[in-house]
Amino acid sequence: MNYEDVMKLALERGFYFPSCEIYADAQAGFWEYGPSGVSLKNKFLELWRRELIRRDGMMEIDGSQIMSKSVFEASGHLGNFADPIIKCIKCKSTFRADRTIAEISKIEIPESADLIEFDNAVTQNNIKCPRCKGDFEKTRKFNMMFKVGIGPEEEEAYLRPETCQSIFVDFPRLFKTMRGKLPLGIAQVGKSFRNEIAPRQSLLRLREFYQAEIEVFCNPTKLDEMDRFSEIQNTIIRIQTDAEPISMTCMEAVESKVIPNKFVAYYLGILTEFYEKTGIDITKSRFRKLGDKEKAFYAEVAFDFEVETTIGWLELVACNYRSDYDLSSHAKKSNEKFEVMDNDEKVLPHVFEISMGIDRSLYTILEHSLRDDKENERIVLALKPYLSPIHVGILSLIKKDGLKEKTDEIYLQIKRKCDAFLDHSGAIGRRYRRLDEIGSPFAITVDYQTLEDETVTIRKRDSMEQSRIKISELQSIITESIAYP
RNA sequence: GCAGUCAUAGUAUAGCCUGGUUAGUAUUCGGGGUUUCCAACCCUGUGACGCGGGUUCGAAUCCCGCUGACUGCACCA
């Protein structure tokens, strides 16, 4: 199933839809999650917590979305998170200043250079608009952060462009008060904000989006001392350094130096195991090692976790070895001490980051789970049971003869134990189809026999098979079937 | 941000060229009936011309601006 099919399902079944859609001035790049989307997202995050946070013994925090100017001076975002752009006076086309100058005059100006350098290069080399040969306006910087004014004086602050800055800023207090020990993972889920020039494709390119970020603080001299590595040494990951992704175990990846050390390999391993459990087809995934030009300005080694979808390879997670870039720049700017003791050694920790795009992950889960079952004339969202927005539909075969009352009773018993959905109306087949589309793995139906022997039928989403079970066993059967792995 | 295409119920569409009835159809959805385990059938009901301006006696229809979507380019820490 392709992007359009997922989009249609999202709109029709309450997964996600455009923000402020009733107003004409609604801007692109903002989307809302409906009830099904929120339920899926919550369950996805619970899985993330189980498979990464708790598994590795990490801490989780929840920081401010608005952060002070100093944070982004230190982080480099005010300087580097902006592109120098030039605009043609005549045809209004906008270009990247550094690239346009390099293409026409072969002069390389770093993108972080002073704006006047770009203007000089344009006039000295007589650079004109590549489209219409018009003149350019003065170079300006387009910063992708949203600026906000705090209080009546409109003090300068910014919406965070990545969640991780609070983790770095909070690190000294957390390490001291939470009895930190290297290596230490600190995680955060939340919104980030980027003023994208061209947001596109619903959840895939947003101006306001969810990230689940993990920053692992480590002693850079002990990157191959990783006891837990044995847990994942035989886990198969797909990794791409050249043309094609190659499958190998984490052990092989370290031994062949494709991954620089056991520390990084361990986290790529548990990340792969996590994504396997989301139902994403892991044979369509790869860790792509980024070249120097593609890497973020703070990254020393970078792997993007990408998954193949009908609209191409999608970057779901950026794994960056950020070295001491963040801690040392915050230390310098703030005069706070970021060194910690690792046994007898005083170290400024390095940081390995696992920065996950939640919205893109949810899209990919939906696309990889959505099936067109032509034989039975139905659309099935074959989600893992523990991720399904609705775990079980509680249906009465018909409304009359006391069946409705009996069904209500069962619903009351179970609705606080799992996500159950009560439905009495319409043909039974139609109700099954609706549940199939939002991925409910089970439907139970109350019929005349229920009134005689306290049994109901349970229908499985994927096979459409039905069997009879006792009402007394219903709850344990359901809770067992929807349990996290 | 640029260029091209487009914008009508929850979804998919007709109508627009050539301005003029109650904006049509399919599906979805609500109520009722029938059936009594897989989108059947019958009755019934709700629901739409993206926003703003202009032309006109009259605009879904013609014109302008804006916004958004799609595709391509550029961008993507």
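The basis for the numbers below is simple: all heavy atoms, side chains too, and nothing from hydrogens, waters or symmetry mates. Bear in mind the structure is a predicted one, so any value in this text is a computation, not a measurement. Lettering of chains follows the sequences in order, A, B, ..., and the numbering in each one begins at 1.
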Nucleotide nearest [X] when distance is taken to its side chain, options [options]:
| X | options | result |
| --- | --- | --- |
| A/Tyr448 | B/U36, B/U11, B/A69 | B/U36 |
| A/Ala28 | B/G68, B/U36, B/C76 | B/G68 |
| A/Ala427 | B/A40, B/G30, B/C37 | B/A40 |
| A/Ser425 | B/G30, B/G10, B/U35 | B/G30 |
| A/Gln201 | B/C70, B/A39, B/C38 | B/C70 |
| A/Tyr3 | B/C76, B/C70, B/U35 | B/C70 |
| A/Ile398 | B/U11, B/U35, B/C37 | B/U35 |

Problem set entry | Test side-chain contact (heavy atoms from CB on, under 4.5 Å) applied to A/Glu315 - qualifying residues, sequence neighbours left out | A/Asp304, A/Glu306, A/Ala318, A/Arg360

Interatomic distance where [atom1] belongs to [X] and [atom2] belongs to [N] [whole Å]:
| X | N | atom1 | atom2 | result |
| --- | --- | --- | --- | --- |
| A/Arg207 | B/C76 | CZ | C1' | 13 Å |
| A/Asn376 | B/C38 | CG | C1' | 8 Å |
| A/Glu4 | B/C6 | CD | P | 18 Å |
| A/Arg205 | B/C70 | CZ | C1' | 15 Å |
| A/Ile379 | B/U27 | CD1 | C1' | 13 Å |
| A/Asn2 | B/C70 | CG | C1' | 13 Å |

For this session: Report the relative orientation of the aromatic rings in A/Phe30 and A/Phe146; use parallel for angles under 30°, tilted for 30 to 60°, perpendicular for over 60°.
Result: tilted

Exercise. So A/Phe168 and A/His330, would you call those rings parallel, tilted or perpendicular, with 30° and 60° as cut-offs?
Worked result: tilted

Can you find a side-chain donor-acceptor pair between [X] and [Y] that sits under 3.5 Å?
| X | Y | value |
| --- | --- | --- |
| A/Tyr158 | A/Ser68 | no |
| A/Ser355 | A/Glu162 | no |
| A/Gln165 | A/Arg160 | no |

Exercise. Of A/Lys399 and A/Met464, whose closest RNA chain B nucleotide lies nearer the 5' terminus?
Worked result: A/Lys399

Seminar exercise, completed: Ranking A/Met144 and A/Arg433 by the position along RNA chain B of their nearest nucleotide, the one closer to 5' is A/Arg433

Exercise. Would you say the base of B/U71 and the side-chain of A/Arg200 have a donor-acceptor pair closer than 3.5 Å?
Worked result: yes

Problem set entry | Under-3.5 Å donor-acceptor pair between A/Arg459 side chain and B/C38 base | yes

Between [M] and [N] - [atom1] atom distance, rounded Å:
| N | M | atom1 | answer |
| --- | --- | --- | --- |
| B/U67 | B/U11 | P | 23 Å |
| B/U8 | B/U25 | C1' | 13 Å |
| B/C43 | B/A26 | P | 12 Å |
| B/A14 | B/A60 | C1' | 12 Å |
| B/G19 | B/G15 | C1' | 12 Å |
| B/U55 | B/G10 | P | 32 Å |
| B/C49 | B/A9 | C1' | 10 Å |

For this session: For A/Gln466, answer base if it contacts any base atom (sugar-phosphate contacts may also be present), sugar-phosphate if it contacts only those atoms, and nothing otherwise; contact means non-hydrogen atoms under 4.0 Å.
Result: base

Exercise. Under 4.0 angstrom, heavy atoms only, what part of the nucleic acid is A/Glu437 near: base, sugar-phosphate, or nothing?
Worked result: base

Check whether any side-chain nitrogen or oxygen of [X] sits under 4.0 Å from OP1 or OP2 of [N], and answer yes or no.
| X | N | result |
| --- | --- | --- |
| A/Arg430 | B/C29 | yes |
| A/Gln27 | B/G68 | yes |
| A/Arg434 | B/C29 | yes |
| A/Tyr23 | B/G68 | no |
| A/Lys400 | B/U36 | no |

For this session: Would you sort out whether A/Asp447 and A/Arg468 count as a salt bridge (charged side-chain N to carboxylate O under 4.0 Å, His left out), showing the intermediate values?
Result: CA-CA 11 Å; A/Asp447 56 16; A/Arg468 279 206 96 80; 2.8 Å; yes

